[in-house]
Amino acid sequence: QVQLVESGGGLVQPGGSLRLSCAASGFTFRSYAMSWYRQAPGKERELVASISSFGGSTNYADSVKGRFTISRDNAKNTVYLQMNSLNTEDTAVYYCKTDRRGYAYWGQGTQVTVSS
C-alpha cells in the first residue's frame, strides 16, 4: 500500500536551513508527481511546492519562491524539500503528498519550527 514518510524537520534559527525528505513506497514512485504541503496551528493546509514525475517541472507558493527547492531522486523513491532563509512564518508541520486515481495520499508530517 502507499506509504509516505517524512523526515528532517526540527528546530532552526531564522535565516537557517533544513532539508526535508519523503520516502515513498507501495507505488510506482517515478510515475507520479509529488507535493509538499504545510499546516500551521489554526491555519489551513497549504501547498508549498510540487514536482512532476521526472522532475522537469516545479511549482512553488509565492511565499517560498526563491528560498525553497523541491527535488526528487526516483532511484531512491524520495522527494526532498530544501528550505533556505527560513523565517518564523515557515513554522508548520510539513506533509508529503501524492495523488493516485483521484485519491490523495499523505505522510504523517514532520514538524519545522523556526525560532530564535
Side-chain angles (χ1 to χ4, degrees):
Q1 59 183 4
V2 173
Q3 186 173 28
L4 303 172
V5 181
E6 302 95 333
S7 62
L11 176 64
V12 64
Q13 294 182 342
S17 299
L18 284 174
R19 189 195 194 199
L20 306 183
S21 298
C22 172
S25 62
F27 65 103
T28 307
F29 179 79
R30 66 180 182 273
S31 298
Y32 293 88
M34 302 294 296
S35 300
W36 285 98
Y37 284 72
R38 67 185 181 187
Q39 187 169 27
K43 297 184 178 180
E44 295 183 350
R45 191 170 298 187
E46 64 174 344
L47 176 64
V48 176
S50 60
I51 187 168
S52 61
S53 59
F54 290 104
S57 180
T58 58
N59 286 285
Y60 299 92
D62 288 341
S63 59
V64 307
K65 197 170 298 181
R67 300 187 297 119
F68 290 11
T69 302
I70 187 171
S71 62
R72 66 192 297 159
D73 187 340
N74 285 347
K76 296 181 178 180
N77 285 2
T78 302
V79 62
Y80 305 95
L81 185 67
Q82 178 66 47
M83 306 185 295
N84 299 326
S85 301
L86 287 162
N87 57 62
T88 56
E89 298 298 317
D90 298 316
T91 296
V93 177
Y94 284 71
Y95 298 90
C96 181
K97 179 228 180 186
T98 192
D99 292 282
R100 182 177 179 272
R101 295 181 177 272
Y103 187 89
Y105 294 88
W106 299 87
Q108 84 289 347
T110 185
Q111 176 71 49
V112 172
T113 302
V114 185
S115 176
S116 299

For [X] versus [Y], what's the shortest heavy-atom pair and its separation?
{"X": "Lys65", "Y": "Asp62", "value": "NZ-OD1, 3.2 Å"}
{"X": "Ser17", "Y": "Gln82", "value": "CB-NE2, 4.0 Å"}
{"X": "Ser85", "Y": "Arg67", "value": "O-NH1, 3.0 Å"}
{"X": "Ala92", "Y": "Ala40", "value": "CB-N, 3.8 Å"}
{"X": "Met34", "Y": "Cys96", "value": "CE-SG, 3.5 Å"}

Heavy-atom check, side chain of [X] versus side chain of [Y], under 4.5 Å:
{"X": "Val112", "Y": "Met83", "result": "yes"}
{"X": "Asn87", "Y": "Pro14", "result": "no"}
{"X": "Phe29", "Y": "Thr98", "result": "no"}
{"X": "Thr110", "Y": "Ser7", "result": "no"}
{"X": "Val64", "Y": "Arg38", "result": "yes"}

So with a 6.0 Å cut-off around CD of Gln111, is the heavy-atom count from everything else above 12?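 Correct, the count exceeds 12.
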
Joint cluster assignment, [X] & [Y], ILVMFWY side-chain distance < 4.5 Å:
{"X": "Leu20", "Y": "Val12", "value": "yes"}
{"X": "Tyr105", "Y": "Ile70", "value": "yes"}
{"X": "Leu86", "Y": "Tyr60", "value": "yes"}
{"X": "Phe27", "Y": "Val5", "value": "no"}

How long is the span from the [atom1] atom in [X] to the [atom2] atom in [Y], to the nearest 0.5 Å?
{"X": "Phe68", "Y": "Ser63", "atom1": "CZ", "atom2": "OG", "value": "7.5 Å"}
{"X": "Leu11", "Y": "Leu18", "atom1": "CG", "atom2": "CG", "value": "9.0 Å"}
{"X": "Leu4", "Y": "Tyr95", "atom1": "CG", "atom2": "OH", "value": "13.0 Å"}
{"X": "Leu81", "Y": "Cys22", "atom1": "CG", "atom2": "SG", "value": "10.5 Å"}
{"X": "Thr69", "Y": "Asn84", "atom1": "OG1", "atom2": "CG", "value": "6.5 Å"}

Has the side chain of [X] got a donor or acceptor atom that lies under 3.5 Å from a matching backbone atom of [Y]?
{"X": "Gln108", "Y": "Glu6", "result": "yes"}
{"X": "Arg72", "Y": "Gly55", "result": "no"}
{"X": "Thr91", "Y": "Val114", "result": "yes"}

Query - side-chain hydrogen bond (donor to acceptor under 3.5 Å, both in side chains) contacts in which one or both residues fall within residues 20-36, not counting sequence neighbours - result: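 Those involving residues 20-36 are Tyr32-Arg100.
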
